[in-house]
Amino acid sequence: MRLERAFFEQPTVEVAQQLIGATLIINGFEIELIETEAYVGEGDAACHAHRGITPRTKVMFGPPGRTYIYLIYGMYHCLNIVTEPEGSGSAVLIRGGLIKGPTAEIIKGPGRLCRHLGLTKAHNEMCLLNETHFVRPRQEAPPIKATPRIGITKATDKPWRFINVDYYSK
DNA sequence: GCTGGGATTCGCT
DNA sequence: GCGAATCCCAGCC
């Protein structure tokens with residue numbers, strides 16, 4: 001069972017929420033997602049796509065279910081999954097997860113997550129709807145809480161960060 | 001062609 | 001708690 005394109009075409013906030021507890025299979029790793037954030041297209045001042053299509057943001061305006069990976073502060077990569085129908089410029093930022101398998105550990109922080117998974121800009125615009133890279137839906141909904149987004153300077157009032165409260169004390 | 005800021009993290013005070 | 005590391009790119013000249 002895996003999530004298809006139709007799932008990622010839903011409203012970004014809805015997708016971000018439903019991805020909590022889902023499992024991402026990428027680059028040979030399995031990660032149960034415990035923290036996500038929604039970045040909702042041109043109407044969202046905090047979203048990179050806010051100013052329209054540019055060479056950097058064109059991926060977000062492409063078909064949903066693909067990766068958007070960019071370099072932040074010259075040192076860290078952030079992993080996003082593109083959402084909504086083509087042309088909307090929306091995506092879900094993956095901020096934290098539980099690495100499964102023998103080396104199970106909890107990773108918090110988008111930069112650290114990408115470092116552990118070995119993700120770089122080379123993995124930008126990768127399709128997550130195939131055999132080796134995909135998202136497995138959650139079986140049961142974990143306890144989820146919505147909070148304001150982290151690390152941004154604009155639109156900080158939007159409660160579009162979602163966490164699995166089992167892994168966050170506050 | 002130049003400049004400043006950014007969806008971060010870590011180490012030192 | 002504060003600031004450095006570090007670089008791509010959007011915006012403006």
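All figures in this text were calculated on a predicted structure; none of them were measured in a lab. The chains referred to below are lettered A, B, ... by the order of the sequence lines, with proteins before strands, and numbering in each begins at 1. All values below were derived from every heavy atom in this structure, side-chain atoms included, with hydrogens, water molecules and symmetry-related copies excluded.
- Ring stacking holds between A:Y39 and B:dA7, with the centres under 5.5 Å apart and the planes within 30 degrees of each other.
- Using a 4.0 Å cut-off, no side-chain N or O of A:H48 falls inside it from OP1 or OP2 of B:dG6.
- The phosphate of B:dC10 (OP1 or OP2) has a side-chain N or O of A:R115 nearer than 4.0 angstrom.
- For the pair A:R112 CZ and B:dG11 C1', the computed distance is 14 Å after rounding to whole Å.
- A:Y68 places its OH atom 14 Å from the P atom of B:dG6, with the value rounded to the nearest Å.
- Rounded to whole Å, the distance from CD on A:E35 to C1' on B:dA7 is 11 Å.
- Across the protein-nucleic acid pair, A:L79 atom CG and B:dT8 atom P stand 14 Å apart, rounded to whole Å.
- Contact check on A:E30 versus A:K100 returns no salt bridge, with no Lys/Arg side-chain nitrogen under 4.0 Å from an Asp/Glu carboxylate oxygen.
- Proximity note for A:L71 (side chain, C-beta onward) versus B:dT9, C:dA10, C:dC8: the nearest is C:dC8.
- In this structure, the separation between NE2 on A:H133 and CZ on A:R66 is 14.5 Å, given to the nearest 0.5 Å.
- Listed nucleotides: C:dC8, B:dT8, C:dG11. Nearest to the side chain of A:K121: C:dC8.
- The distance between atom CG of A:D157 and atom C1' of B:dA7, rounded to the nearest whole Å, is 16 Å.
- A continuous path of hydrophobic side-chain contacts links A:F29 to A:I69 [ILVMFWY only; heavy atoms under 4.5 Å].
- The nearest whole Å value for the distance from the CG atom in A:N124 to the P atom in C:dC8 is 14 Å.
- Considering only side-chain atoms of A:P55, the nucleotide from C:dC7, B:dT8, C:dA10 that sits closest is C:dA10.
- Put simply, the side chain of A:Y70 and the base of B:dA7 share a donor and an acceptor less than 3.5 Å apart.
- Taken from CZ in A:R56 to CZ in A:R51, the straight-line distance is 11.5 Å, to the nearest 0.5 Å.
- Checking C:dG11, B:dA7, C:dC7 against the side-chain heavy atoms of A:R51 singles out C:dG11 as nearest.
- Side-chain proximity of A:M75 to C:dT6, C:dA10, B:dA7: nearest is C:dT6.
- Taking atom NZ on A:K108 and atom C1' on B:dC10, their separation rounds to 17 Å, with Å as the unit.
- Taking the side chain as every heavy atom from C-beta outward, A:L128 and A:F8 never approach each other to under 4.5 Å.
- Counting non-hydrogen atoms under 4.0 angstrom, A:G74 reaches a base of the nucleic acid.
- Distances shown here put a side-chain N or O of A:T153 below 4.0 Å from the OP1 or OP2 atom of B:dG6.
- With both ends at atom P, the span from C:dG3 to B:dG5 equals 15 Å, rounded to whole Å.
- The base-pairing partner of C:dG3, taking Watson-Crick or G-U wobble contacts with both distances under 3.5 Å, is B:dC10.
- Between A:L24 and A:L79 there is a side-chain heavy-atom pair separated by less than 4.5 Å.
- For the pair A:I72 CD1 and B:dG4 C1', the interatomic distance rounds to 13 Å; values are reported in whole Å.
- Residue A:L93 is classed as a base contact, given a heavy-atom separation below 4.0 Å to a base.
- Residue A:R56 places no side-chain N or O under 4.0 Å from the OP1 or OP2 atom of C:dC8.
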